[in-house]
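Single-structure report; data block below.
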Amino acid sequence: YQSSGERTLYLRFMAEQPGRVGLADRVYLGSERGVINRIVLLQTDRLILGFIFVFTALACLAVFLRLYYRRRRAFLAVLAFFIMSLTFGLFVMFSSDLATMFFVCPAVADNLTLMSVVVFPVGLFLFIDQTIGPGFAMVIRRSWQVFLFLAVAALAFLALGVTVSYHMIILIRSALFFLAASAAFAEMIRAIRRGRRGARITSIGLLIFAFYSASDMLMKLNLFPQRQLHYHWGFFILLILMGWLLYNKFEENQEKLRVYSRELEEKSASLQELNRTLEERVQERTEELQERNRELKEANLS
């Protein structure tokens, strides 16, 4: 901006890839208000969707706690949905320029985005485990367990102040995620062939999310025309589809519960009828025995 004949230039340095130095995007010059207005215009949708994801996660947490205290069986799927929505929401919010300019310092934002990236696969593969199944040789279940171990290790390193390589963690996470995602897609193909409910919806949502993520990655590698990132919209579609699947699971469980309740009421009514009939028969048998006793006494007296 212009002040006393001087100009101030704002620069933000980011080390996203080792060994790569230079400008990763176009340079826009202008007044401070103009630059901020441009950032707000380009990234407001990310921030809004981030808040939506976090709010959805908090709503899922409330449902999870309610189900947990009622000892329901399907609460792990809700927990997985909560982890997915919360971590991706935090990642979308704190990886934007708006967050680092107005809300938190870049170091805090980097730590939050790092933990979100590492923890997100835990919720994703746990959700697939609970809705589709643990997979062949328990590969999907082992996937979210491995990511859980990696997340705990990364959190311990950050808490203890141990210097860790950000790129090493991301590299390990990306390699494991690729292997786990390949196994998950193979398992979902098997589930679709077997007619497993929910497999087709989950596959469509993951493919849409993968398409958006892959196109954004190609753009970052300058293999795609430069544009704004849209991976958060891909996750928004994925979240809607998985939320609909989770709702159907609840409806299915509620219908099963209603069927079991009707069966229990019918069996209870049958048991009551059987008890009443048994009591009548016992009463009749008792009266018959008493009558025979009386006849025997009269015969003995005569």
Side-chain angles (χ1 to χ4, degrees), residues 55-86 122-145 148 184 187-203 205 239-302:
F55 178 79
T56 303
L58 296 178
C60 286
L61 179 61
V63 174
F64 164 73
L65 293 175
R66 184 178 179 183
L67 292 176
Y68 179 78
Y69 285 113
R70 288 189 176 186
R71 304 294 183 182
R72 295 287 180 87
R73 292 180 56 190
F75 67 88
L76 280 181
V78 183
L79 176 63
F81 199 88
F82 158 72
I83 295 173
M84 273 195 309
S85 186
L86 178 66
V122 178
L124 177 63
F125 292 108
L126 178 59
F127 188 87
I128 297 174
D129 180 11
Q130 294 297 307
T131 54
I132 306 300
F136 178 74
M138 308 287 285
V139 64
I140 296 178
R141 184 161 299 174
R142 295 292 178 263
S143 297
W144 69 260
Q145 291 173 351
L148 179 61
E187 182 61 28
M188 279 186 286
I189 292 174
R190 293 178 62 223
I192 291 174
R193 289 179 177 177
R194 294 177 180 179
R196 184 72 181 270
R197 294 186 61 182
R200 193 180 302 275
I201 297 174
T202 306
S203 301
L239 203 66
I240 291 176
L241 292 176
M242 287 191 167
W244 184 64
L245 176 61
L246 192 62
Y247 173 76
N248 286 340
K249 287 282 184 182
F250 272 109
E251 285 297 314
E252 183 181 346
N253 291 337
Q254 290 295 325
E255 182 61 28
K256 288 181 179 180
L257 185 61
R258 285 191 288 266
V259 171
Y260 292 153
S261 298
R262 286 196 298 267
E263 291 180 355
L264 185 61
E265 289 176 359
E266 292 174 358
K267 290 180 179 180
S268 178
S270 300
L271 185 60
Q272 290 177 1
E273 180 65 21
L274 181 62
N275 287 334
R276 186 181 63 80
T277 304
L278 184 61
E279 288 177 357
E280 290 178 355
R281 289 182 178 179
V282 169
Q283 182 67 26
E284 291 175 358
R285 187 61 178 169
T286 303
E287 291 177 355
E288 289 177 2
L289 290 175
Q290 289 176 351
E291 181 65 24
R292 286 189 179 183
N293 254 344
R294 190 173 61 253
E295 291 176 356
L296 286 174
K297 286 180 181 180
E298 290 177 356
N300 288 334
L301 288 175
S302 63

> Within a strict 4.5 Å, meaning less than it, do heavy atoms of the Val63 and Phe81 side chains meet?
Replying inline: no

> Do Leu124 and Met242 touch side chain to side chain, with heavy atoms closer than 4.5 Å?
Replying inline: yes

> After noting the C-alpha distance and the side-chain angles of Phe127 and Leu246, does the key distance pass the side-chain contact (heavy atoms from CB on, under 4.5 Å) rule?
Replying inline: CA-CA 9 Å; Phe127 188 87; Leu246 192 62; 4.1 Å; yes

Please round to the nearest 0.5 Å and tell me the distance separating atom [atom1] of [X] and atom [atom2] of [Y].
| X | Y | atom1 | atom2 | answer |
| --- | --- | --- | --- | --- |
| Phe82 | Leu126 | CZ | CG | 12.0 Å |
| Asp129 | Trp144 | CG | CH2 | 7.0 Å |
| Thr131 | Ile201 | OG1 | CD1 | 10.0 Å |
| Leu245 | Ile240 | CG | CD1 | 14.0 Å |
| Leu61 | Arg66 | CG | CZ | 14.0 Å |
| Glu266 | Leu264 | CD | CG | 10.0 Å |

> Which heavy atom of Ile140 sits nearest a heavy atom of Phe125, and at what distance?
Replying inline: CG2-O, 3.5 Å

>> Could you report the tightest heavy-atom contact between Gly123 and Ala80, atom names first, then the distance?
In response: O-CB, 3.4 Å

> In chain order, what residues pass the side-chain hydrogen bond (donor to acceptor under 3.5 Å, both in side chains) check against Arg142, with sequence neighbours excluded?
Replying inline: Gln145

> Got a sec: does the CZ of Arg276 have more than 12 other heavy atoms crowding it under 6.0 Å?
Replying inline: yes

> Given the rule in the salt bridge (charged side-chain N to carboxylate O under 4.0 Å, His left out) test, do Glu187 and Arg190 qualify, once you have shown the distances and angles that lead to the verdict?
Replying inline: CA-CA 5 Å; Glu187 182 61 28; Arg190 293 178 62 223; 2.8 Å; yes

